Structures are given as C-alpha cells and as structure tokens.
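Atoms within each ligand, like the ligands themselves, are counted from 1 in listed order. Here the structure is a predicted model, which means the values were calculated and not measured.
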Amino acid sequence: MWISIKQARQPGSIGQQAQVRGWVRTRRDSKGGFSFIEVNDGSCLGNLQIIADGSLANYQSEITALSVGSSVVITGEIKASAGQGQSTEMVASEVRITGIASATDYPLQKKQHTFEKLREWAHLRPRTNTFGAVARVRNRLSFATHQFFQNDGFLYVHTPIITASDCEGAGQMFRVTTLPIDKLPMVNGKVDMSQDFFGKASYLTVSGQLEGETYATALGKIYTFGPTFRAENSHTSRHLSEFWMIEPEMAFFEIADNMTLAERYLKYMIHDVLTHCAEDMEFFEKRIQPGVTAALQLVLDTPFTRLSYTEAVEILTKCDEKFEYPVSWGIDLQAEHERYITEKHVQGPVVLYNYPKEIKSFYMRLNDDDRTVAAMDVLVPGVGEIIGGSQREERLDVLTERMLASGLKAEDYWWYLDLRRFGTVPHAGFGLGLERMVQYTTGMTNIRDVIPFPRAPGSCDF
Ligand code: 4AD
Ligand code: MG
C-alpha cells in the first residue's frame, strides 16, 4: 500500500508493509554492507529513513550510486527506530529508481544555499526544508480562511481579475491589451482604445472590493480570495506585484464590527497553524526566527490594542525615536512609524483607525469631524500593515463628492453609486495580504520567499 511519509513516520505504522514514493535527500553507505537513504515526499518536514540491505538485487548496481534529488519508489516494512528525531524507519524489500538526478548537475546538493540563490531555482526550491514548510503553512492558512468564513456564514464570491475600475484610485494598474505595441492604432494623436480587445481600456484588478460590495449588499456577508496585481515600483521585502488577498465584505456592519472580525480571523488562523503545522512551526522557530511561536501564542492570548491615527501621531511625535520621515498630523505613516507603534510601543498587534481623509481611498466613510475617514489598518510586529480596511461611505451625496475630490468620474462608477441609490446600508470590509500573513506566521523576512513564483519590479522569471 502506498502511504505518505507523514503516515509512515507515525508510530502507529510500525509493523506495516508499505510503499513510499519520494525524492532522495541523503544517502550514506555503511561499512557493514547496507545503506541509509533519507527520503522526503513533501507530506511533512521529516524524512523517512530507509535501510537498504546489500542483499537487494540492485544494491551494487544502483543503490550505492543513488544521488541526491533522485526519485524512488520503495517497498518494505516499517519498524521502530532508535535513531534521533524519528520513531520509525523502513527496511526496504525493493528500491525502485524512477528518475536519477545527476550528482554533478543537480543544484540542491547538501550545502546550504542562500534564499537569494534559491530564488533563481524557484522550480526546485520547494524540495528544500524551508520552502516545503512555507508551502504547507501557506496551504493551511488558505484552508483556515475558508473554514473561518464558511463557519461564520460568509459566501465565497469570485470577483473578476480583468476589470475596468481602479478600486484604490491609485493608478497602479497593469494594463491588459491585445493591441500591437509596436504599431498602435491612433486617432487624433491618441491611441484608439475602441480597437482594443474589450473595446476600451482594461486592467488587472488591484482589489476585488468594489465588485465584492455588490454581492455583500445582496447576500449580506461575502469574502473573496484571489490574486491581485499592483504595478507599484516598490523594492521592499513586503511588496509583490502579484499577491493574493482575502477580502470579506459585510452589510449592516460598522467599523467596530469590522475590527472585531479582523481580530477573530487573525487569531483563528494563528491557532489553526499552531495546531496543524506543529512540526513546520518548530522548524521556523529553530532555523528561521527564534521566538516566533511564543509571539504568535501571545497574540492569541491578548486583545488587540486599538489606537486612533491621532493618538498614534501623538505617540510618534512624543517618543525619542529618530525617524527618517518626520511625523505630523496628516502624513501617511511610513513603515518605520508603523513598526515603532507595533514593535516598540505596543509590542503586539494594533488596530489603527480614523485616518485623515486626504491620504485614504475615496470609498471610506467620512467621519462627523469632516477630516477623518473610518479606515482601519491592522499592524503586526515584523511585518507592519497586514490588513487594510474601512467602513464604506453609504451616503450617495457624500460619496459622489468624495469621488469628485479624488479626481474620479462619477459616470465610470455608476454601478457602484447605484448600491447607494437602491437600498443603501452601512457596510464594511477589509483586505488581508496572504503573503504578509505567511511572513508573519513563519518569520520569513522576504515576501519573495513565501509565494511560489514571486513577481516584483524587474523580476518575472518562470
Ligand atoms: O490596504 P490595501 O491596499 O486595501 C485594499 O486593497 C482594500 N480594497 C481592502 C478592502 O478593504 N477590501 O491592501 C490590503 C492588504 C494590505 O494590508 C497588505 O497586507 C496587502 O493587502 N498588500 C500587499 N501585499 C503584498 N504586496 C503588495 N504590493 C501589497 N499591497 C497590499
Ligand atoms: Mg493599505
């Protein structure tokens, strides 16, 4: 019976005849005339140790030449092991080689490679301990996301990837076109967009929120979970040009309900990963970021601190820290400011709310003070902003005015305004960047190492 190495490593498998299939991590030949082969199949961090005896038919011809990275199908009996870090091992009755990885060419030899180097081998890096563990945690966070929202009665909605509207109004969109770039059709000195595939300009989405709102104002509670694209020229360890976002949107919700939901959702995911990815988390704790599990545990046990933007600015202007960008009321907080608040001042997650309207998107609800909007960002140590959200402007006149002030044309957003024209309701939502969540749970420092194939300015390999 073919079983996973995760299963084969369980003490309950002892005594079973079984087959495992995977890739060779190491081979060691003993003077006693047998070999130890460590095999991994990605089902868990740990390898299964195979004992291949000299009496096997292909022992001399194949097994003693078995190189790292080769694929194998091994049949045998699972026995108790006295070896360190394993409770079982397999005594092979057959070692079948499916594909050799040449010892001279295979890049992932025993020597440790830097994460930068491994990015050049993004097609092979999931075969390393770190990237296997990241993939399993990322998978679990995705699964936990669906579980959390489904258990709470949210409907999963698929919003479009190709869109005609700029949700964040920030103009950082990738254009989608089939026009020949070396021979653009022109009318009156301008590109004739009517000849493009959709008959007008279209883009890759920066967020599914606006379309999500149409479903929330019909079905109550929805969430989206898909890829988003931003043509933002940021070369940082927290920005990607393609990343995955989870965006819940709730009708009859106000900003405080939104904060409570965001906190429950983050805690749910953390609890889930600590419970179901214990072995991988132990690896991150030992090899990537000592202290990461205790920090996550603390998050579970502590209510998130809530601070208004105004309070945050006060803290930042009164503290002794020297910032590169000076702080005053009205500025967009920089990463260094966010990190001071969450890492030094609060030392845990913090929800910042009520930002100046000038620095936030047009759709956020204007507060009674007329200078701030009901925005909320969740900041966490090490990563900074992990969630961005708000209560939405549900008043038609105020929204129309805010759009004009932001330089947007009301007629381009007629359908969005209709939601306020026909049965408008207070509603709210937020977006969580999945990669930032993976960074936060694993302690991985660069966002390019928590997505299988990172896309960033100047870099789109594979
Ligand atoms: O704060 P943002 O821009 O919010 C929105 O897009 C809203 N429409 C969400 C909503 O209210 N439904 O982005 C949300 C989150 C950020 O907090 C961050 O975690 C992540 O998306 N994010 C990025 N992650 C990786 N690379 C980038 N370039 C990112 N930009 C935003
Ligand atoms: Mg934001």
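Protein nitrogen, oxygen and sulfur atoms, that is N, O or S, within less than 2.8 Å of the Mg ion (ligand 2) amount to 1.
When every heavy atom of Asp280 is checked against every heavy atom of Ala133, the shortest pair comes out as OD1-CB, 3.5 Å. The two atoms that bring Lys6 and Cys44 nearest to each other are CA-SG, 3.6 Å, heavy atoms only.
One finds no salt bridge joining Glu394 and Arg392 here, because no Lys/Arg side-chain nitrogen approaches an Asp/Glu carboxylate oxygen to under 4.0 Å. Arg21 and Asp41 are not joined by a salt bridge, as no carboxylate oxygen comes within less than 4.0 angstrom of a charged side-chain nitrogen.
Using a 30° and 60° split on the angle between ring planes, Tyr340 and His345 fall in the tilted class, from 30° to 60°. Using cut-offs of 30° and 60° on the angle between ring planes, the pair Phe149 and Tyr265 is tilted.
None of Phe174, Phe243, Tyr203 except one satisfies the side-chain contact (heavy atoms from CB on, under 4.5 Å) rule with Phe229; the exception is Phe174.
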Side chains of residues 452-462: which donor-acceptor partners sit under 3.5 Å, not counting sequence neighbours?
unit_1: Arg455; atom_1: NH1; unit_2: Asp461; atom_2: O; d: 2.9
unit_1: Arg455; atom_1: NH2; unit_2: Asp461; atom_2: O; d: 3.3
unit_1: Arg455; atom_1: NH2; unit_2: Phe462; atom_2: O; d: 2.9

Side-chain polar contacts of residues 215-223 - donor-acceptor pairs under 3.5 angstrom, sequence neighbours left out - could you list them?
unit_1: Thr217; atom_1: OG1; unit_2: Glu213; atom_2: O; d: 2.8
unit_1: Thr217; atom_1: OG1; unit_2: Thr214; atom_2: O; d: 3.2
unit_1: Lys221; atom_1: NZ; unit_2: Asp152; atom_2: O; d: 2.8
unit_1: Tyr223; atom_1: OH; unit_2: His146; atom_2: ND1; d: 2.7
unit_1: Tyr223; atom_1: OH; unit_2: Gln150; atom_2: NE2; d: 2.9

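Annotation: ligand 1 has protein neighbours Cys167, Glu168, Ser207, Gln209, Arg230, Glu232, Arg238, His239, Leu240, Phe243, Met245, Glu247, Tyr363, Glu385, Ile386, Ile387, Gly388, Gly389, Arg392, Gly429, Phe430, Gly431, Gly433, Arg436, Ile447, each with a heavy atom less than 4.0 angstrom from the ligand.
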